[in-house]
Amino acid sequence: MQKGFTLIELLVVVLIIGILAAVALPQYQLAVDKSRLAGAISLAQSLRKAQEIYYMSNNAYSVDLENFDIDLSKSCRRSAPGMINCHHYIVDNIYGDLNTSEEVNQVAIFYVPSNPGQTAQKDALIHVYLEHSSLPNEITCEGFTDRGKKLCRASGYTVI
């Protein structure tokens with residue numbers, strides 16, 4: 001009698017591994033997205049604090065990042081006076097109608113997954129509202145794609 005596995009047994013094992021991978025991969029991707037979003041939220045919170053300090057001194061928010069002493073990681077760079085471009089997200093220092101009667105002053109995070117072979121498309125927009133805004137100190141999430149909507153639901157922030 002020969003020892004070893006039959007072709008059917010090997011196919012069944014490969015099939016089971018394939019099913020497990022198909023179930024686990026989306027959950028893994030969501031966990032990766034959530035961890036990237038946590039980094040973006042941390043940067044946005046730093047910007048919000050810097051904006052509030054600037055507001056106390058000048059009675060207005062600043063559009064220019066040069067007014068803040070914020071250390072950007074190696075993967076992020078300033079792309080415009082008020083924008084920070086990171087590998088998987090873009091942070092807008094001040095988003096909305098700056099200092100108007102209809103103000104919606106906020107730091108905005110555009111989540112862009114940038115996976116290889118995928119066109120750059122915004123999956124979600126996270127709003128980190130400043131103290132003098134329409135929703136003081138709130139964080140909301142707006143999903144544009146299925147992936148972005150799942151990320152918003154999983155993030156725990158108010159979904160709009």
Side-chain angles (χ1 to χ4, degrees), residues 21-160:
V23 170
L25 190 60
Q27 291 302 317
Y28 171 75
Q29 186 62 49
L30 182 61
V32 169
D33 287 343
K34 281 176 59 176
S35 69
R36 289 177 182 155
L37 182 60
I41 293 292
S42 175
L43 176 59
Q45 295 283 24
S46 296
L47 282 171
R48 178 167 67 179
K49 287 177 186 171
Q51 282 283 20
E52 296 305 338
I53 291 168
Y54 187 88
Y55 190 91
M56 282 190 248
S57 300
N58 301 295
N59 203 29
Y61 291 119
S62 174
V63 177
D64 193 359
L65 288 167
E66 294 298 321
N67 293 324
F68 310 128
D69 184 25
I70 294 179
D71 183 29
L72 299 175
S73 68
K74 294 177 183 177
S75 62
C76 297
R77 61 182 170 74
R78 294 179 181 173
S79 58
M83 302 286 279
I84 300 171
N85 193 344
C86 299
H87 186 66
H88 295 284
Y89 52 89
I90 300 165
V91 178
D92 189 349
N93 172 47
I94 194 82
Y95 185 76
D97 299 324
L98 186 61
N99 301 317
T100 66
S101 60
E102 303 158 7
E103 65 182 341
V104 289
N105 296 333
Q106 58 186 283
V107 176
I109 304 165
F110 299 95
Y111 188 76
V112 184
S114 304
N115 289 338
Q118 185 178 20
T119 58
Q121 175 181 351
K122 294 176 188 135
D123 278 346
L125 172 59
I126 296 85
H127 308 269
V128 180
Y129 291 92
L130 302 173
E131 178 128 353
H132 302 283
S133 68
S134 56
L135 297 168
N137 299 321
E138 292 287 323
I139 299 177
T140 61
C141 186
E142 182 178 1
F144 302 119
T145 63
D146 288 338
R147 182 178 180 177
K149 290 174 186 174
K150 285 179 186 174
L151 180 61
C152 286
R153 285 192 299 270
S155 68
Y157 301 117
T158 305
V159 178
I160 55 174

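In this text, all values refer to a predicted model and were calculated from it rather than measured experimentally.
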Chemist: Can you measure from CG (Asp33) to OH (Tyr28) and round to the nearest 0.5 angstrom?
Modeler: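 Interatomic distance, Asp33 CG to Tyr28 OH, rounded to 0.5 Å: 10.5 Å.
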
Chemist: Output the distance between atom CD1 (Ile109) and atom CG (Leu37), rounded to the nearest 0.5 Å.
Modeler: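 It is 6.0 Å, given to the nearest 0.5 Å.
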
Chemist: Are the side chain of Asn58 and the backbone of Ala60 linked by a donor-acceptor contact shorter than 3.5 Å?
Modeler: no

Chemist: Between atom NE2 of His88 and atom SG of Cys76, what is the distance when rounded to the nearest 0.5 Å?
Modeler: 10.5 Å

Chemist: First locate atom CD1 of Ile126, then atom CD1 of Ile41, and finally report the distance between them rounded to the nearest 0.5 Å.
Modeler: 5.5 Å

Chemist: Using only atom types and a distance under 3.5 Å, with no angle test, would you say the side chain of Tyr61 pairs donor to acceptor with the backbone of Gln106?
Modeler: no

Chemist: Who are the side chain to side chain donor-acceptor pair (under 3.5 Å) partners of Glu138, not counting sequence neighbours?
Modeler: none

Chemist: Considering non-hydrogen atoms only, spot the tightest contact between Ala21 and Pro26 and give its length.
Modeler: O-CD, 4.5 Å

Chemist: Given the rule in the side-chain contact (heavy atoms from CB on, under 4.5 Å) test, do Lys149 and Asp123 qualify, once you have shown the distances and angles that lead to the verdict?
Modeler: CA-CA 8 Å; Lys149 290 174 186 174; Asp123 278 346; over 6 Å; no

Chemist: Could you give all pairs that pass the disulfide bond (SG atoms under 2.5 Å apart) test and reach residues 25-62, with sequence neighbours left out?
Modeler: none

Chemist: Evaluate Ile139 against Tyr157 for side-chain contact (heavy atoms from CB on, under 4.5 Å), listing each step before the verdict.
Modeler: CA-CA 6 Å; Ile139 299 177; Tyr157 301 117; 3.5 Å; yes

Chemist: Report yes if the side chains of Arg147 and Leu151 come closer than 4.5 Å at any heavy-atom pair, otherwise no.
Modeler: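 With C-beta onward as the side chain, the pair stays apart.
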
Chemist: Report the C-alpha distance between Ile94 and Leu47 in whole Å, list the side-chain angles of each, state the deciding distance to 0.1 Å, and finish with yes or no for side-chain contact (heavy atoms from CB on, under 4.5 Å).
Modeler: CA-CA 9 Å; Ile94 194 82; Leu47 282 171; over 6 Å; no

Chemist: I'd like to check Arg48 versus Glu131 (side-chain heavy atoms, cut-off strictly below 4.5 Å). Are they in contact?
Modeler: no

Chemist: With side chains defined as the heavy atoms from C-beta onward, is the minimum distance between Gln45 and Val128 less than 4.5 Å?
Modeler: yes

Chemist: Do Lys122 and Phe144 form a cation-pi contact, if we require the NZ or CZ to be under 6.0 Å from the six-membered ring centre and within 45 degrees of the ring's axis?
Modeler: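 That pair does not qualify as a cation-pi contact.
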
Chemist: Hey, are the side chains of Leu130 and Val107 touching, using non-hydrogen atoms and a 4.5 Å cut-off?
Modeler: yes

Chemist: Would you check if the side chain of Asn93 reaches a backbone N or O of Val63 as a donor-acceptor pair within less than 3.5 Å?
Modeler: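 Answer holds: yes.
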
Chemist: If you define the side chain from C-beta out and look only at heavy atoms, does anything of His127 sit under 4.5 Å from Glu142?
Modeler: yes

Chemist: With heavy-atom distances below 4.5 Å as the criterion, would you say the side chains of Phe68 and Ser46 are in contact?
Modeler: no

Chemist: Please check this pair: side chain of Gln51 against backbone of Ser62, looking for a donor-acceptor N/O pair closer than 3.5 Å.
Modeler: yes

Chemist: Verify side-chain contact (heavy atoms from CB on, under 4.5 Å) between Leu125 and Tyr111, making sure each step is shown before the conclusion.
Modeler: CA-CA 6 Å; Leu125 172 59; Tyr111 188 76; over 6 Å; no

Chemist: Mind checking the CG-OG1 spacing from Leu135 to Thr158? Nearest 0.5 Å is all I need.
Modeler: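 The CG atom of Leu135 sits 8.5 Å away from the OG1 atom of Thr158.
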
Chemist: Taking all non-hydrogen atoms of both residues into account, name the closest pair between Gly143 and Cys152 and its distance.
Modeler: N-SG, 3.6 Å

Chemist: Are any non-hydrogen side-chain atoms of Phe110 and Val91 less than 4.5 angstrom apart?
Modeler: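 No; the side chains remain at least 4.5 Å from each other.
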
Chemist: List the residues meeting side chain to side chain contact (heavy atoms under 4.5 Å, CB included) with Ala154, not counting sequence neighbours, and say none if there are none.
Modeler: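 Listed in chain order: Leu30, Lys34.
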
Chemist: How many angstroms lie between atom CD1 of Ile90 and atom NE2 of His87, to the nearest 0.5 angstrom?
Modeler: 12.0 Å

